[in-house]
Amino acid sequence: MLGEVAPPVRLPMSLAEFDIIRRYFTRRSGRADVPLGVGDDAAVLELAAGRRLVLAVDTMVEDVHFPAGLPAADIGYRVLAANLSDMAAMGAQPAWMTLSLSLPHAEESWLDGFAAGLFELADRYEVALVGGDTVRGPLVVSVQIAGWVEADRWLTRAGAQPGDALYMSGVPGEAAAGLALLREPRPEAEAEARALRERFLRPQPRVALGRMLRPLASAAMDISDGLLADLDKLCAASGCGAELDLDALPASAAMQALFAPQTCLDFALAGGEDFELLFTVPEQFEAALLAQAGTAPGCTRIGRMVEGAGVRCWQGGRRVEIAQRGYVHFAS
Ligand code: ADP
Ligand code: MG
């Protein structure tokens, strides 16, 4: 009878699995709200009264979300940065994460680098790694982040109203330009190229800005698929339209030094992975926003919300049609 039992579907990656977890992913978190972390069947966390749990997950696949051979430290940093950016977009405070790691082989130097990149950012934001899963397979890293937000208000994509001002943080397109430079190096302008690569490899999640916007913004999201595509989603969720002023978009001197004007515009409008915040602010809160913006990464007013649906672009006082709309998952 026993001989007929089907083999388990899921085998541990090797005897070294426990060693990997112990060596690289078991650390004192320093957080008082983790009664039980890595090592048991599940983690136990403490959520203070008056707060709501906020959850997000982000997966990165080699050759799809990052080029093969990208240093492990950059992979570790970016997968958490993408998750922190989702927390920022909700106005939430990140606190805990789990990590699912699928590895073709357990290589020490890779794991060293990955853990260094991951914990560099985790420590900066005081995010505790409380569990995960480690399996053998193609290189896929997935972080699930958990955080909290005050029960009375959090940010969504859905609250924008006609008349609200449209803002974004940072400079659109630089991450896409940096990725293009990783794929095709341009040695002639090394300082600019390095700055742009850094914007792809080390995005700065706008967590503090998201927290600041929680009482001020009517809608918010992070820019991961490209400014136009994501603004379209914000419009759809809010049931209104947007007018985007292309002349108001913050320009990148580094990008302009290396790419033709049309390419710069393509990067700015359709390049993904900026991990900046896109948000709308009702007129009565704009003064408060500007008063606090001194402590925030440069926020720029790039348009306004209007009646209707979809995004209309303006340049030099004229309507312009934009063909390319950003990164589309599963497009053929
Ligand atoms: P189970 O079989 O019960 O899922 P595992 O043997 O896979 O347990 O994992 C043992 C412990 O190590 C669990 O607490 C799990 O959350 C944790 N863990 C496994 N992989 C990772 C990882 N990559 N990072 C952090 N914790 C991990
Ligand atoms: Mg497991």
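Note that the numbering runs from 1 along the sequence shown for the chain. As the structure lists them, so they are numbered: ligands from 1, and atoms in each ligand from 1.
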Note: D133, heavy atoms under 4.0 Å from ligand 1, region reported as both

I'd like to know if [X] and [Y] make a salt bridge, using a cut-off of under 4.0 Å between side-chain N and carboxylate O.
X: E190; Y: R197; result: yes
X: E120; Y: R202; result: yes
X: R194; Y: E192; result: no

Scanning both residues in full, the closest heavy-atom pair of D274 with A175 reads OD1-N, 3.4 Å

**Prompt:** When only distance counts, is G39 in polar contact with ligand 1, meaning an N/O pair under 3.5 Å?
**Reply:** yes

Checklist entry - What do you reckon, does G132 have a nitrogen or oxygen under 3.5 Å from a nitrogen or oxygen of ligand 1? => result yes

Partner of M97 under side-chain contact (heavy atoms from CB on, under 4.5 Å), picked from L80, V79, N83, L84, is L80

Among T134, L118, V143, the residue with a heavy atom nearest to atom 22 (C) of ligand 1 is T134

Note: heavy atom closest to atom 7 (O) of ligand 1, options E17, R27, M97, R22, belongs to E17

Ligand-side contact atoms (ligand 1) for residue partner [X], heavy atom cut-off under 4.0 Å:
X: L129; result: 24 (N), 25 (C)
X: G131; result: 16 (O), 24 (N), 25 (C), 26 (N), 27 (C)
X: D41; result: 3 (O)

Note to self: I'd like to know whether L101 forms a side chain to side chain contact (heavy atoms under 4.5 Å, CB included) with D133, so could you lay out the CA-CA distance, the side-chain angles of the two residues, the decisive distance to 0.1 Å, and finally the verdict.
What the structure shows: CA-CA 6 Å; L101 206 49; D133 202 15; over 6 Å; no

